[in-house]
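Here the structure comes first, spelled out in structure tokens, and everything after it is commentary.
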Amino acid sequence: MDYKDTLNLPKTDFPMKANLSKREPEFLKKWEEMNIYRAIRNVSKGRKTYILHDGPPYANGHIHLGTALNKIIKDLVIKSKNMGGFDSIYVPGWDCHGLPIEHQVDKELGDKKYDLSQVEKRRYCRKYAEQFVDIQRSEFKRLGVFGEWDNPYLTMSYEYEAITIEEFAKLMLNGDIYKGKKPVYWCATCKTALAEAEVEYMDHQTPSVYVKFPMISDFAAVRSKLKGEKVYCVIWTTTPWTLPANLAIAVHKEFIYAAVKTQGEVLIVAKELVGYCMDAFGYKEYEIIDEFPGEVLEGQKCRHPFIDRESVLILAPFVTLEAGTGLVHIAPGHGQEDYEIGLEYGLDNYAPVDENGRFTPDVEFFAGEFVFDANESVMKKMKEVGVLLGSMDIGHSYPHCWRCKNPIIFRSTEQWFISMEKKGLREKALKSIGEVRWIPSWGRDRIYGMVENRPDWCISRQRLWGVPIVVFYCEGCGEVLATREVLAHVAGLVRQYSADVWFEREAKDLLPKGTKCASCKGDAFRKETNILDVWFDSGVSHAAVLETRADLRWPCDMYLEGSDQHRGWFHSSLLESVGTRGRAPYKEVLTHGFVVDGEGKKMSKSVGNVVDPQDIIAKYGAEILRLWVAAEDYTADIRISSEIMERLIEAYRRIRNTSRFILGNLYDFNPGKDAVPCAQMEEMDRWALHRLQEVIQRVRKAYEDFEFHVVYYTVYNYCTVDLSALYLDVSKDRLYTSKTASKARRSAQTAMWTILDSLVRLLAPVLVFTAEEIWERMPVEGKEKSVHMTSFPEVKQEFLDPDLMEKWKTMIGLKGEIAKAVEAARRNKIVGHSLDARVEIAASGRLAELIRANLDTIRTINIVSEVEMTDKPSGEISCSSEFEGMSIGVSRAGGVKCERCWMYSGTVGKSAAHPAICDRCIGNLS
RNA sequence: GGGCCUAUAGCUCAGUUGGUUAGAGCGCACGCCUGAUAAGCGUGAGGUCGGUAGUUCAAGCCUACCUAGGCCCA
């Protein structure tokens, strides 16, 4: 007879093959139908809230691996908080205004854009953003991320736009905001000022020129050696077009400068660079006739090389000797450092360049010329007047516009600023940084340094798609009108009609009736045309979201973004919140690194190492992507490669198969009726449950610390090491061959059920789909509709047994030694399967006592047919390295192999009814 | 060029306040099993801790510099 039919072999319809890319959408559908997010919120109702405030991704393009990573980490936080005893709320958001969308719309409209009114174009922008909100929403949902997807926050919603204006108003009325003239990054193509964040550095070829400025003050009065000489200061610059705006020449106070006589004139350059410079000018013969420190030059005057104007010599700390001449051309209207040093010396903020990047009419020789074209003309002019000492093209890192990729210029313009100093914003912000928990802790130093050094925040943009800067100017006297009443009135209109109202109505229709200019009593006004920086938009999300939704609160618990946001959203939110409310809008800030390729290099289209999350989802499923996020330590850069994917898929299979095996052995188990109390369980089951408690404790702690990779490794190693290789492998005999309802088998089933029930909950935040798939098949009466509505398992004291663990530590060590001995016998063809083996152990002392008392357990956990203690082992002899003095002998087991349990036994053949099986099996058959 | 960060076996991660022969899992090699089977089990070989120089009786863990990489800025 076939005894296989008498065994309790595993049975389950839980498929071995995950088929994730096909099965995941089915779960998404189920969750959609049951409104899983609401269901979880209902379960969590009344608990302490945990609020992670979503940083809004930009509503343009499809999600990439970085955005996927970010959303998945957020989802891990939200889900683990909910299962860990909080009411964790997730309102996703989108950043909708800004240049990129406006550009994209311009591109799509083509020439049509010139026929559209401002409002019409804004409507296109709105539609464009809506379209990508929809796209990204479905892509995020596909990742298994739960949240209020049907009610997200959008920075372009009427309410949000109104609050943006109200927040601006607070700062305005508080005196933080001022209008000033400053050099800002200016893109002549896009005709707009750019924020620091909108600038990219790329290699760019520019001419570099050496130019001599004739000295006009009597320098010989200070340096007598130069009496009677024609003296020139030589500068070097890579932006010849800024020379018409030159107002000064900077030198370093401590550097030594040399007066070099050559070609009948004297050139001043840094002493260290004399050889280098003369080489560049092509002068072979020269003589240094004087040397002096830079400070001697301060206050001396040169004449501009081709314009009738003075250029004064000043001292600046940023002068270096790395390139050039050691004398730096200063145009305060065209450079940040130039501007700052210009302020110190009271120089004019001169920038004779219009918004198109063309010289203004007052610029001699070059009026109307585009600045980058003017490089050539300026050089030509300088050649003409004989001041050009040398020139060459060089490639260097130069700022470019993030959108149009064209090189940009620094240009002094009228802009609105939030002052870091006027109302002590910097100081307050720095203090607030100290009150926030930064994870990892170095985040504090990073943002502190940035806030400490940043210039005033330029919040104005000369664009269309955004929230207007709500300021009016009196047509009569030019006075700024931005009173509390006016701002509130406009905010009200925006709340009703969207910010479009600003662009479609005239000033008089935006103002409260009877508004008059405070200084001239005029009643005609014009609107400010600038809009707000989009970083201001997202920077007020704490006000627009946390304070407006009933179940949220201000401040929230956490902001969680990539480490670039120390300068981005964390930063803008901090300044806005500190400026209006005196503290940061968050209690904790968690940052993650960036996704890089298998070599640690950043992903770029040109290198061709970009990985698309859609491809991974289609090929392996979102689950594998989630597992990747969980497995990697996100505090540093996060690598992805095909090998990493392969490893994760294998790990996933192991977890899946372990679960499947347990489910297969629970086909006839009803935990309500069949569970065995802890005290009556078999020793090994109690060992497995003790280990489970350790896993639960470690995993819950890891979730609390946001160390998701610890969650992954802990569970995975438990599955592999403790369960698959030991506990489950060993338990097969008991599960398969014992009587179906025997206590021994029920004990194992109780343990396995408990284990899977815990694992599935611990894994649910990570493996959202698979955990649900397992949960659906768990035998439990009255269970929750979704594993995501359950809580994490608690550590149960009754399962903790330190003495047992101590004993089993030795038992498992012993198993390793026996396995080595059996392996040696296997190599010598004495045994194949471990059940072929008979093991003889020689040991002494306490070890011998332990072995003698547990011979049967040792036989069981080693899956051999016989174990005996003896003084002189026979067969293949191995000496233990772990246990001193212990030796193990392995020989072929005696007796006959039982056809049912495959163990060798002397009892096989004794029964006439069942001649092929052992008496243990005969007992289990009846 | 500056600020912050990272660098441990092929891969992903551990390595407590510096202290014995640097750990795990996977992968790999070899083998077993065929009652978890496009599964399961065992054994084994792989790092001197990015590099250099220091501090120390003692350094993967401290210091300096360098290299590579990342983010941010210039």
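We name chains A, B, ... by the order of the sequence lines, and we start the count at 1 in each one. A quick note: this is a predicted structure, and the numbers were derived from the prediction, not measured. The figures here come from the full heavy-atom set of this structure, side chains too, leaving out hydrogens, waters and symmetry mates.
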Would you say [X] places a side-chain N or O within less than 4.0 Å of OP1 or OP2 belonging to [N]?
X	N	result
A:R660	B:U37	yes
A:Y736	B:A36	yes
A:H709	B:A14	yes
A:S724	B:C41	yes
A:K732	B:A36	yes
A:R654	B:G40	yes

What is the separation between atom CZ on A:R892 and atom P on B:C32, rounded to the nearest whole Å? 13 Å
Return the orientation label for the A:F570 and A:H566 ring planes: parallel under 30°, perpendicular over 60°, tilted otherwise.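 Taking A:H566 first and then A:F570, their aromatic rings stand perpendicular (interplane angle over 60°).
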Identified side chain to side chain contact (heavy atoms under 4.5 Å, CB included) counterpart of A:Y718 within the set A:I655, A:I755, A:T658, A:L762: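 Among A:I655, A:I755, A:T658, A:L762, the one meeting side chain to side chain contact (heavy atoms under 4.5 Å, CB included) with A:Y718 is A:I755.
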[X] near the nucleic acid: base, sugar-phosphate alone, or nothing, with a heavy-atom cut-off under 4.0 Å?
X	result
A:N657	base
A:L7	base
A:A631	sugar-phosphate
A:R656	nothing
A:E632	sugar-phosphate

The side chain of [X] is closest to which nucleotide in this list: [options]?
X	options	result
A:D633	B:C72, B:A14, B:A36	B:A14
A:F594	B:C11, B:C33, B:C71	B:C71
A:E650	B:A36, B:C26, B:C33	B:C26
A:M16	B:C72, B:C5, B:U37	B:U37
A:K820	B:C71, B:G42, B:G44	B:G44
A:F661	B:A36, B:G42, B:U6	B:A36
A:S563	B:G44, B:C13, B:C71	B:C71

With A:D633, which residues qualify under side-chain hydrogen bond (donor to acceptor under 3.5 Å, both in side chains), at least two apart?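 Expected list: A:T635.
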My understanding is that only residues two or more places apart in sequence, or in another chain, count here; which of them pass side-chain hydrogen bond (donor to acceptor under 3.5 Å, both in side chains) with A:N924? none
Among all residues two or more places apart in sequence or in another chain, which pass the side chain to side chain contact (heavy atoms under 4.5 Å, CB included) test with A:A821? A:S878, A:I888, A:V890
All ring pair (Phe, Tyr, Trp, His ring centres under 6.0 Å) counterparts of A:H592, not counting sequence neighbours: none
Mind checking what makes ring pair (Phe, Tyr, Trp, His ring centres under 6.0 Å) contact with A:W569, not counting sequence neighbours? A:H53, A:Y559
Could you go over nucleotides 63-69 of chain B and give all protein N or O partners under 3.5 Å, atom names and distances?
residue: B:G69; atom: O2'; partner: A:G600; partner atom: O; Å: 2.5

Tell me which of A:Y634 and A:R647 sits closer to the 5' end of RNA chain B, going by the nucleotide each one is nearest to. A:Y634
Taking the [atom1] atom in each of [N] and [M], what is the distance between them to the nearest angstrom?
N	M	atom1	value
B:G19	B:A38	P	49 Å
B:A64	B:U55	P	15 Å
B:G70	B:C26	P	32 Å
B:U48	B:A59	C1'	12 Å
B:C33	B:A22	P	36 Å
B:U52	B:A68	C1'	15 Å
B:C41	B:G25	P	12 Å
B:G60	B:G15	C1'	8 Å

If you measure from the Lys or Arg side-chain nitrogens to the Asp or Glu carboxylate oxygens, is any gap between A:D733 and A:R745 under 4.0 Å?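 No salt bridge links A:D733 with A:R745.
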Is the closest basic N to carboxylate O distance between A:D729 and A:K732 below 4.0 Å? yes
Per the O4'-C1'-N9-C4 / O4'-C1'-N1-C2 angle with a 90° window around 0, B:G46 comes out syn
Toss me the dot-bracket line for RNA chain B: Watson-Crick and G-U wobble, both under 3.5 Å, 5' to 3', using | for pairs to another strand and [ ] for crossers. (((((((..((((.....[...)))).(((((.......))))).....(((((..]....)))))))))))).
Could you pull out all residues at least two apart from [X] that satisfy salt bridge (charged side-chain N to carboxylate O under 4.0 Å, His left out)?
X	result
A:D705	A:K701
A:D597	none
A:K820	A:E817
A:K11	none

Evaluate the side chain to side chain contact (heavy atoms under 4.5 Å, CB included) criterion for residues A:E866 and A:V839: first the C-alpha distance (whole Å), next the side-chain angles of each, then the deciding distance (0.1 Å), finally the verdict. CA-CA 6 Å; A:E866 285 176 79; A:V839 174; over 6 Å; no
Do A:R446 and B:C71 have a side chain to base donor-acceptor pair shorter than 3.5 Å?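 Yes, a donor-acceptor pair under 3.5 Å.
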Expected list for residues 716-723 of chain A near RNA chain B, using heavy atoms below 4.0 Å, is A:Y716, A:N717, A:T720, A:V721
